[in-house]
There are 2 protein chains.
Amino acid sequence: MKTPLTPLDLVRRGLKLYPERTAVVQPGGPRFTYREWGERIYRLARAVGAAVPSGSRVAVLSPNTHQGLLTYAGVPWSGNVLVPLNTRLVSEEYAFQLRHARVSLVLADCTLAPRVEQVCRDLGVPLWVMEEGGEFEARLQAQDASPLPYAVPDEDDVITINYTSGTTSSPKGVMLTHRNTLLNAVETLYYLHFAGDSVYLHTLPDFHANGWGGVWSPFGVGATHVTLPAVRGETIHDAIHTYGVTHLAAAPTVLSMITDPATARRTPRPVRVATAGSPPHARTIADMSALGFDVVQVYGLTETSPLITVAELSDAERALPIPERAALIAKQGFEMLLAGEVEVMTPELTPIPHDGQTLGEIMVRGNLVMKGYLDNPEATEKAFEGGWFHTGDVAVVHPNGRIEIRDRNKDVIISGGENISSVEVEGVLYAHPAVREAVVVAHPDEKWGEVPCAFIALHAGQQASPEELTAHVRQHLAGYKVPKHYIFRDDLPKTASGKFQKFLLRKELWEGRERAVN
Amino acid sequence: MKTPLTPLDLVRRGLKLYPERTAVVQPGGPRFTYREWGERIYRLARAVGAAVPSGSRVAVLSPNTHQGLLTYAGVPWSGNVLVPLNTRLVSEEYAFQLRHARVSLVLADCTLAPRVEQVCRDLGVPLWVMEEGGEFEARLQAQDASPLPYAVPDEDDVITINYTSGTTSSPKGVMLTHRNTLLNAVETLYYLHFAGDSVYLHTLPDFHANGWGGVWSPFGVGATHVTLPAVRGETIHDAIHTYGVTHLAAAPTVLSMITDPATARRTPRPVRVATAGSPPHARTIADMSALGFDVVQVYGLTETSPLITVAELSDAERALPIPERAALIAKQGFEMLLAGEVEVMTPELTPIPHDGQTLGEIMVRGNLVMKGYLDNPEATEKAFEGGWFHTGDVAVVHPNGRIEIRDRNKDVIISGGENISSVEVEGVLYAHPAVREAVVVAHPDEKWGEVPCAFIALHAGQQASPEELTAHVRQHLAGYKVPKHYIFRDDLPKTASGKFQKFLLRKELWEGRERAVN
């Protein structure tokens, strides 16, 4: 017998079996039992279902609030597709995504709504503003709270479209299916040892590949979600102590907030931490461990739902002293249980030798790989060349089978867990009248891992200061995409055919490091 | 991207990532690393692939040996369907199943091969006898050991056909798909906390619904399988001590062997035990706990791949004193993560109230439910009436949502974990010339949970002793199906239309008990 594989079924199970448990709580905000949470899902599903035809795209723009979290089940529940928006973008970027996805309705937290008000008006798209006790709550209250089965005609239907910056000038809409996201969610439950007594703190932005599955998976086992709109060292530690948090997920930048001596506290219960985006430093792992956090590195991309590898340790390896253990945790590790085949290969799809030295590209073939990029058959075809999804990440494989990323596509910069397309930033720089040539590459950074660095050649006789270029870029792009370093040159290195030799510029900045990623 | 969901992919992962670990070891027998085990799978797949056309049914008749275990991956690997045979049947029963499944090849352990030699000759089906150093090993050695990808054209293809005794006179062939069995295997890994350091002892017969998934799942995480051909208290404890076993699965009858004071020993590491077939007694749970075993009750049927509920405990419930904890473990509990909807309902498909009193039938709708019964559309249609699979088990639901079985279809007897169809036994009794009427029902039994009890009315003037009837049944049916009690009556109770009132006879035997199952 076949029923659709969907993360909504995990939510259904939790609502059915654990009505009296706490489903969601927000520090300083409300607390909902599973019964109450179910009623809110049914109400939202009915409200959205009444507002747009089934199969519509509905965008959400929200920090990690309980209302934002509600949309991940409530919107698909009535057969619609959720488009989670990055909270750090500027109006022009939102306009592109809302247009590109042909969004029919936008749900925005009151703190962020001003950034999309104009574009919603321009597009004639309704905007529902979410705030405590506001119109959004009134809309929910107006609906029937009785149980409603979820509407998932086909497990290969799209549940979310997540925009991601990659190798192109415009962000691409990653289409993830119900099947993709269910399998990722189950994998998460297994690897992070989630159980009914788990308490999951939403430190990772929920819009990031659906919180790596965390917007759904803990509901499946009756665990408690703690939503955290303001992610800082102090609020994290407060929440851990107040609610007895057992799990969280975060980019290494957030791990540094957690270990910051100014606010760090020992956890009352052991806390299991999934981290990804860049490998955690040995020092961070040691500091986390001393505070009661057990760090597990995972790896993946929005395009892979997202988690496809885990830095799995055996019992013996867990018992190693911190430096050796940290070295293992800092590698990306092994393909996950349901990831399918994760291989490091040459462009001709030949697996590289497991010698810890030969470089290849990480490719994956399996059920976690997205359906494709929305309305972008060219990019989709390129990404799936030869039947394997190409991650763009360059890695070695150690003799024990562990994958370790050493480099990546030169057009991608990862800063504090956010992907930046260097091509997108270059496009904006070129729009400045003084700029003749612009190449943006990753610059290593102590706090953010990497930050964008712009190499600029100006038109003869023109002037443009870093401050001026920064102001220009900031008008069009999110703050984290703005170059933090400018290097002015008369001319930038090119191949005979006139293509920029990005790798030479990048090499300058990464000289003497073992890895060209951070 | 879609690739087939199949437990063979779990095996593939283990073979790829953990080549140096021990995959399989047999007490007093050989030990194989994952690399060696992979070579054996590829060899067997090639040998079978060369012997029969793809899509053939291949039967295996074996106790829990390493060779038997090998067939669960090796046979489907080359695109064929495995038919695991119960090791306790007689020739006539094997003949029925081999014919019904149109089996093309039989693999039989040397200790059991004599029981199928004649029927294989009659059917013209080749028989490969498995023994250490024998012809089966020679066949493997003759094949190439190089890696071979598994052949699974579609995840909804059948991977195994498992014969089960139920409400009909002949056993039915349960068709389980790759998708069914993968999802069951993943669920098992999650609920039993399997990891790379786990050591799984095969105490449950592998032919029982594919060892509840245990013939595949531990391979997925690089765990070690200990195959145990002779399951006795002493051999179990020896294996636990020799290999550091962490997991096993067993019917309550085997738990009693484990706690038998004559051979019981404390485990060197905690051992997690899945049990099903009938609820474990509080005393057994207490004894097991004192020896270092943590018992988890699961429930399901061959038709449900098999596991669909788990007697899940919260941390608080785990801390309860044994009697209260045992009472919770003795209930079937909650629907599992990937089981889909498990409901207790009236024949009109209305869920019963959660009052711990109202009786209903356990029904399930989801991805673990079989594809159907082989060549039996009538039985399939009946089992799936109204779009729900009908288990035949009668249960209450407690206010906290826990399902508890109280009774079952009167035609099914479960003895020491084996299903017996009373209709099948009655059919054989009727074939005896002295028998006029025969009704077989479950009799409670201290050791086996239940045993068959025959109510017999003889033809006028005829005689037949229990010994004579026993000898007659034993000729045609497996020993565990033979009635252990005979009750002679002049006449058996019937309805106005002449149908036997089985429930009245059953009631006699179960008077004064809270549950009518054991």
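Residue numbering restarts at 1 for every chain, and letters A, B, ... go by the order of the sequence lines.
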Problem - Electrostatic pair B:K16-A:E341, nearest N-O below 4.0 angstrom - result: no
Top of [options] for chain A proximity - count of heavy-atom pairs under 4.5 angstrom:
options                       : answer
B:L337, B:D9, B:L17           : B:L337
B:E20, B:K371, B:M370, B:E312 : B:E312
B:G340, B:P4, B:A339          : B:G340

For [X], is it the side chain, the backbone, both or neither that has a heavy atom under 4.5 Å from a heavy atom of chain B?
X      : answer
A:L10  : side chain
A:E155 : side chain
A:M336 : backbone
A:R12  : side chain
A:L5   : both

Handout entry: Least distance between heavy atoms, B:R269 atom then A:D315 atom
Key = NH2-OD2, 4.4 Å
Practice task
Please step through side chain to side chain contact (heavy atoms under 4.5 Å, CB included) for the pair B:H193 and A:H193, ending with a clear verdict.
Solution key: CA-CA 8 Å; B:H193 305 176; A:H193 305 178; over 6 Å; no
Practice task
Go through the side-chain N and O atoms of A:D197 and B:S314 and say whether any donor and acceptor fall under 3.5 Å apart.
Solution key: no
Practice task
Heavy-atom pairs under 4.5 Å with chain B are the metric here; pick the option from A:V369, A:N367, A:L189, A:L182 that has the most.
Solution key: A:N367
Exercise for the section: Go through the steps for A:V186 and B:Y190 under the test side chain to side chain contact (heavy atoms under 4.5 Å, CB included), then give the verdict. Expected result: CA-CA 9 Å; A:V186 170; B:Y190 170 73; over 6 Å; no
Handout entry: Straight-line distance of B:R365 CZ to A:M1 CE, nearest 0.5 Å
Key = 8.0 Å
Problem - Rounded distance (nearest 0.5 Å) linking atom CZ of B:R13 with atom CG of A:L338 - result: 9.0 Å
